[in-house]
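Here is the structure we will look at.
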Amino acid sequence: MTEKEHEVDWLVAGAGAGGMTGAVVAHQLGGSVLLVEKEAVYGGTTAKSGGVAWIPANHRLPEFGIDDSSEDAYQYLHGLIGNSVPAPRIRAYAERASEMLRFMMQHSHVHYTPLPAYMDYYDSVPGYQSGGRSMDPAPIHIRALGAAASSMSRDHYTGLLLPFNVSVVEGRRLQEMDFGAYLLGARLAARYYLDLPARLAKRGDDRLTLGPALVARLRRSLLDRDIPLWLNTPVAELLYENGRVCGARVTREGQPVTVRAKRGVLLCTGGFARNAGLRKQYQPQPSSDRWTAAAPGATGDGIALGEKVDAALGFMGSAWWSPTYLLPDGRSLALISGKSNPGSIMVNRQGRRFTNEAQPYEDVVKDQYASEQRGEGAVPCYLVFDATFREKYTAGHIKPSKITPDSRLPQTYFENGLLSRANTLFELGAQLGMDGHALEQTVADFNHHARLGKDPLFGRGDSLHDRYYADPKVQPNPSLAPLEKGPYYALRCEPGDLDTKGGLLCNEHAQVLDRSGEVIPGLYAAGNASAAVMGDTYPGAGSTIGSAMTFAYIAAQHALGATAKESP
């Protein structure tokens, strides 16, 4: 073998949650593994995420007194997704996600805890679970990575959030802003400031949570196994010989390398959210590669590679939608929770509401596009809130005014239109280029019903999901309160996403299919490089990471199964 050739059993492209899971599983099954990543850092979109994984019937649920089954999960998923995804693929996820988690918690540093209060998103669908399927990754200290810490993606939120990192449970508790929340904040701050090695080195918080914690735990697992990770190594083309994919040509440090993979190739290269051309070709319009919260490397590499071997595509018009907003420095942040708090509404540029703001973020964007297509000018739309909201709650990363008053906000937020502020609703509407009287009337109608705890237009606050990120101290509806105290504010929101859902069409074994529906031997895909098992739906928090890890696990099991040393 020459210096520019390499041979392994299993080649994985993409070092996010899916790719690293697929690498660990194949190694545990006795295979030699190589993981390549085109970016100079590892972690992908996972490193920018909450790290939550949606794992139905997971083995930890009995600890929390929760009863669940894979059959209930299948009924729920099929009830949402319908026939847009083949039943065997849906069933594979429902039945094997828990198997994946047990395997990873046994054979790697991955560790997850159920969130018993975090419900599935659609309570009217049979098989719905009121909590526990969405799971929180355990924190980890970045110093566990040693030298590998320096090449981890982790600076997207630098300077925006709290100085210390928080888990999902801690973050939700802090939002309650009561004595217990202040006490928790004090404990977290004390731990942060007493971490003298990190403070002396002027680093951020070395205790990682959320997506970065998952990435670090997976990277530590690779290090334990001496699985090589080649950064700055894009895949140039797949090797296709004798009717099967048997490796790839990659470019490592500017030099071509032929990697032969006896058991196959797993593509976990992410979606195409950062590819303006593909977005224009397939996605609802208007769209922009700047509105996504996906990693910079999500440019559709897996799609391009697969198409060259006749792979079929699916769900190219879909995405893991979420309202997003653009900071002056170009960073795009997803608006997940702030839109649910009382004292706020979302309006289009006619000054009218168009959605239940507290519903799942995917559905908010779908409603935003529907409003835009009706000619109502909903791209962008605006989250409008009053001084009471501003004092008490966060709006995206913008902390309450009792913590960060307007005088301490960057002036650029107001200069570039990210934030607008006016003493009256009429003046705010004029600033936003809409009819101020229409905005006043919208708020007056909303206020009347909010005082009664009802939203006859959109049913905001009626579901358990709507109330999860709301304020339980506000009654009778914790998601509804009138907007009646100036000044008034507006946060500009785009129809963004966490990444796209469209990609290579796969079967229940994560094998890529060609345009005639036949398997392409040796080629597998998982995560956002594949057509989503969730179809055009979003069943619950963590659906993207849960499905990425599960189908990477399934792919490795299928490809390496004949030589498996150990089963879960």
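Keep in mind it's a predicted model, so treat the numbers as computed, not measured. Scope of the values below: all heavy atoms of this structure, side chains included, with no hydrogens, waters or symmetry mates.
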Using distance alone, with no hydrogens and no angle criterion, decide if Q283 and R279 have a side-chain donor and acceptor under 3.5 Å apart. yes

Anything under 30° is parallel, anything over 60° is perpendicular, the rest tilted; go ahead and classify Y413 against H397. perpendicular

Looking at every non-hydrogen atom in both residues, tell me the closest pair between V169 and D136 and how far apart they are. N-OD2, 3.8 Å

Salt-bridge test for R460 and E357: reply yes if a basic N is under 4.0 Å from a carboxylate O, no otherwise. yes

Can you name the residues that form a salt bridge (Lys or Arg N to Asp or Glu O under 4.0 Å) with D367, not counting sequence neighbours? none

Student check: side-chain heavy atoms of P286 and E372 closer than 4.5 Å: yes

With Y468, which residues qualify under ring-ring contact (aromatic ring centres under 6.0 Å, His included), at least two apart? Y118

Verify the distance criterion only: is there a donor paired with an acceptor across the side chains of T299 and D301 at less than 3.5 Å? yes

Residues which pass salt bridge (Lys or Arg N to Asp or Glu O under 4.0 Å) with R154, listed by chain and number, not counting sequence neighbours: none

For the pair D120 and R133, find out whether any cationic side-chain nitrogen is under 4.0 Å from an anionic carboxylate oxygen. yes

Carboxylate-amine/guanidinium contact D206 R143, below 4.0 Å: yes

How many angstroms lie between atom NZ of K501 and atom CZ of F315, to the nearest 0.5 angstrom? 8.5 Å

With sequence neighbours left out, write down each residue that passes ring-ring contact (aromatic ring centres under 6.0 Å, His included) with Y393, or none if nothing qualifies. F389

D205/R191 ion pair, N-O < 4.0 Å: yes

Could you verify whether a donor N or O on one side chain and an acceptor N or O on the other, from D363 and Y122, lie under 3.5 Å apart? yes

Do any N or O atoms from the side chain of S167 and from the backbone of E170 form a donor-acceptor pair under 3.5 angstrom? yes

Can you tell if the side chain of V166 reaches within under 4.5 Å of the side chain of L188, non-hydrogen atoms only? yes

Give me the atom names and distance for the closest heavy-atom approach of L498 to T45. O-CG2, 3.5 Å

Any heavy-atom pair between the side chains of L483 and S344 that's under 4.5 Å? no

Tell me yes or no: between the side chains of S371 and N348, is some donor less than 3.5 Å from an acceptor? yes

Does any pair with a residue in residues 419-432 pass salt bridge (Lys or Arg N to Asp or Glu O under 4.0 Å), and if so which ones, sequence neighbours excluded? D406-R421

Report yes or no: do D123 and S463 form a side-chain donor-acceptor pair below 3.5 Å? no

Side-chain donor-acceptor pair present, N356, D466, cut-off under 3.5 Å: yes

Side-chain H-bond candidate by donor/acceptor type, N341 with D471, under 3.5 Å: no

Less than 4.0 Å between a side-chain N and a carboxylate O, is that true for R492 and E494? yes

Between R203 and D195 (salt bridge meaning N to carboxylate O under 4.0 Å), is one present in this structure? no

Check this for me: does any side-chain nitrogen of one of K366 and D536 sit under 4.0 Å from a carboxylate oxygen of the other? yes

Using ring-ring contact (aromatic ring centres under 6.0 Å, His included) as the criterion, point out the one residue from W54, Y128, Y361 that pairs with Y121. Y361

Minimum-distance pair of heavy atoms, taken over all atoms of T404 and R390: O-NH2, 2.7 Å

Is atom NZ of K280 surrounded by more than 12 heavy atoms (other residues, nucleotides or ligands) closer than 6.0 Å? no

Check the surroundings of atom NZ in K399: do more than 12 heavy atoms from other residues, nucleotides or ligands lie under 6.0 Å from it? yes

Classify the side-chain pair T292/D497 by whether it contains a donor and acceptor separated by less than 3.5 Å. yes

How far does CG of L457 sit from CZ of R353, to the nearest 0.5 angstrom? 6.0 Å

Interatomic distance, CE@M534 vs CG@L80, rounded to 0.5 Å, equals 9.5 Å

How far does CZ of R217 sit from CG of L208, to the nearest 0.5 angstrom? 10.0 Å

Inspect the contact between R451 and E484 and indicate whether a charged nitrogen and a carboxylate oxygen are less than 4.0 angstrom apart. yes

Show the numbers, then the answer: is there a ring pair (Phe, Tyr, Trp, His ring centres under 6.0 Å) between W291 and Y325? CA-CA 7 Å; W291 298 344; Y325 58 97; over 10 Å; no

E37: which residues meet the salt bridge (Lys or Arg N to Asp or Glu O under 4.0 Å) condition with it, sequence neighbours left out? none

Cationic tip of R219 within the cone over Y42's six-membered ring, i.e. under 6.0 Å and within 45° of the normal? yes

Any side-chain heavy atom of W320 within less than 4.5 Å of one from S49? no

Pair R352 + D445: basic N to acidic O under 4.0 Å: no

